[in-house]
A.B. asks: 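Below is a structure I'd like to ask you about.
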Amino acid sequence: MPTVKHLFDAMPPDRRRRLTELAREVALPRATRLFEEGRRADRFWILRTGRVTLDQRVPGRQAAVVETLGRDEVLGWSWLFPPYLWHFGAETVGPVEALEFDASLVRALCEDDPILGRAVYRYVAETVAERLQGTRTRLLDLYGPQGSSAGP
């Protein structure tokens with residue numbers, strides 16, 4: 001996870017309140033498909049309970065799980081960057097409770113409030129960077145020379 005554990009902790013309390021006013025609590029059953037790779041990214045979630053897998057299509061095979069997200073993690077970042085299309089698919093592993101946000105409303109709020117916008121963009125960027133680093137480490141474990149991900 002990024003340096004700041006939770007998106008709400010990345011911003012001052014008055015900004016946090018503005019963002020939470022846009023949230024909608026949702027309860028999602030097991031095996032709920034939240035989004036598909038290549039489709040319009042129009043919302044995102046902060047997971048409260050449960051787990052969600054991110055997957056990528058593999059031609060001629062079943063989609064490959066590339067990451068599993070859980071409590072307090074942000075699900076979805078494609079909504080923040082044009083062309084606003086999902087880069088992965090996502091599905092609940094079991095029941096999930098989450099806060100759901102309408103992407104266009106949050107983007108408008110970020111544009112209207114530069115302090116809140118900077119906090120959201122920075123948090124999402126740190127999240128993406130950390131997940132990319134985790135992916136690199138897993139790839140080294142799978143395909144790198146024996147012991148390549150181990151320290152000196």
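Since this is a predicted model, take the numbers as computed values, not measurements.
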A.B. asks: Distance check, rounded to the nearest 0.5 Å: Thr127 atom OG1 versus Leu132 atom CG?
C.D. replies: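 The CG atom of Leu132 is 12.5 Å from OG1 of Thr127, to the nearest 0.5 Å.
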A.B. asks: Indicate, with yes or no, if Leu19 and Leu47 share a hydrophobic cluster defined by side-chain heavy-atom contacts under 4.5 Å among Ile, Leu, Val, Met, Phe, Trp and Tyr.
C.D. replies: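 No; Leu19 is not reachable from Leu47 via cluster members.
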A.B. asks: Please report the shortest heavy-atom distance between Phe35 and Trp86, naming the atom on each side.
C.D. replies: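 Distance-wise, the nearest heavy atoms are CB-NE1, 3.1 Å.
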A.B. asks: Answer whether the closest heavy-atom distance between the side chains of Val96 and Leu34 falls below 4.5 Å.
C.D. replies: no
A.B. asks: Is a side-chain donor or acceptor of Arg71 paired with a backbone partner of Arg48 at a separation under 3.5 angstrom?
C.D. replies: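 Confirmed, Arg71 side chain pairs with Arg48 backbone.
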A.B. asks: Nearest 0.5 angstrom please: Arg107 CZ to Asp42 CG, how far?
C.D. replies: 9.0 Å
A.B. asks: Do you reckon Phe81 sits in the same ILVMFWY cluster as Leu109, going by side-chain contacts under 4.5 Å, direct or chained?
C.D. replies: yes
A.B. asks: Return yes if some donor-acceptor pair links the side-chain N/O of Glu37 with the main-chain N/O of Arg57 below 3.5 Å, else return no.
C.D. replies: yes
A.B. asks: Specify the closest pair of heavy atoms between Ala119 and Met11, including all atoms of both residues, with the distance to one decimal.
C.D. replies: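 Looks like CB-CB, 3.9 Å.
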A.B. asks: Measure the spacing between NE2 of His6 and CG of Asp72 and express it to the nearest 0.5 Å.
C.D. replies: 4.5 Å
A.B. asks: Restricting to non-hydrogen atoms, name the atom on Ala90 and the atom on Leu75 that form the minimum distance, rounded to 0.1 Å.
C.D. replies: CB-CD1, 4.2 Å
A.B. asks: Taking NZ, NE, NH1 and NH2 as the nitrogens, is one of them in Glu21 or Arg17 under 4.0 Å from a carboxylate oxygen of the other?
C.D. replies: no
A.B. asks: So for atom CZ, which belongs to Arg122, do other residues, nucleotides or ligands contribute more than 12 heavy atoms lying within a distance under 6.0 Å?
C.D. replies: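 12 or below, so no.
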A.B. asks: Could you state the interatomic distance from OG1 (Thr49) to CD (Glu97), rounded to the nearest 0.5 Å?
C.D. replies: 4.0 Å
A.B. asks: Consider only side-chain heavy atoms of I, L, V, M, F, W and Y, link residues closer than 4.5 Å, and tell whether Leu69 and Leu7 are in one cluster.
C.D. replies: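 The answer is no; the residues belong to distinct hydrophobic clusters.
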A.B. asks: Tell me the closest heavy-atom pair linking Val106 and Leu22, and the distance in Å.
C.D. replies: CG2-CD1, 4.1 Å
A.B. asks: Could you list the residues that satisfy salt bridge (charged side-chain N to carboxylate O under 4.0 Å, His left out) with Arg30, not counting sequence neighbours?
C.D. replies: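 In terms of salt bridge (charged side-chain N to carboxylate O under 4.0 Å, His left out), with neighbours along the sequence ignored, Arg30 is linked to no residue.
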A.B. asks: Between the main-chain N or O of Gly70 and the side-chain N or O of Glu73, is there a donor-acceptor pair closer than 3.5 Å?
C.D. replies: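 Such a contact is found between Glu73 side chain and Gly70 backbone.
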A.B. asks: Sort out for me which residue in Asp113, Asp112, Asp9 forms a salt bridge (charged side-chain N to carboxylate O under 4.0 Å, His left out) with Arg15.
C.D. replies: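 The single option meeting the salt bridge (charged side-chain N to carboxylate O under 4.0 Å, His left out) with Arg15 is Asp113.
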A.B. asks: Evaluate whether atom CZ of Arg39 has more than 12 neighbouring non-hydrogen atoms of other residues, nucleotides or ligands under 6.0 angstrom away.
C.D. replies: no
A.B. asks: Mark yes or no for whether Thr92, through its side chain, and Thr32, through its backbone, hold a donor-acceptor pair below 3.5 Å.
C.D. replies: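 Checking the backbone N and O of Thr32 against the side chain of Thr92, a donor-acceptor pair under 3.5 Å is found.
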A.B. asks: Do Leu80 and Trp45 belong together in a cluster built from hydrophobic side chains that touch within less than 4.5 Å?
C.D. replies: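 Unlinked, Leu80 and Trp45 end up in two clusters.
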A.B. asks: Considering non-hydrogen atoms only, spot the tightest contact between Phe88 and Leu54 and give its length.
C.D. replies: CB-CB, 4.4 Å
A.B. asks: Quick check for you: to the nearest 0.5 Å, what is the distance between Glu67 atom CD and Asp55 atom CG?
C.D. replies: 12.0 Å
A.B. asks: Looking only at heavy atoms, what is the nearest atom pair of Ala103 and Ala41, with distance?
C.D. replies: CB-O, 4.3 Å
A.B. asks: Hey, is the main chain of Tyr84 close enough, under 3.5 Å, to the side chain of Ser78 for a donor-acceptor pair?
C.D. replies: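 Such a contact is absent between Ser78 side chain and Tyr84 backbone.
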A.B. asks: According to ring pair (Phe, Tyr, Trp, His ring centres under 6.0 Å), does anything in residues 101-122 pair up with another residue at least two apart or in another chain? List the pairs.
C.D. replies: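 For residues 101-122: Phe44-Phe101.
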A.B. asks: I'd like to know if the side chain of Arg16 and the backbone of Phe8 have a donor-acceptor N/O pair within less than 3.5 Å.
C.D. replies: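 Answer holds: yes.
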A.B. asks: Flag the pair Asp102 / Arg24 as yes when at least one side-chain heavy-atom distance between them is below 4.5 Å, and no otherwise.
C.D. replies: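 They are not in contact (no side-chain heavy atoms under 4.5 Å apart), so the answer is no.
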A.B. asks: Taking a hydrophobic cluster as the set of Ile, Leu, Val, Met, Phe, Trp and Tyr residues connected by side-chain heavy atoms closer than 4.5 Å, whether directly or through intermediates, do Leu105 and Val26 fall within one such cluster?
C.D. replies: no
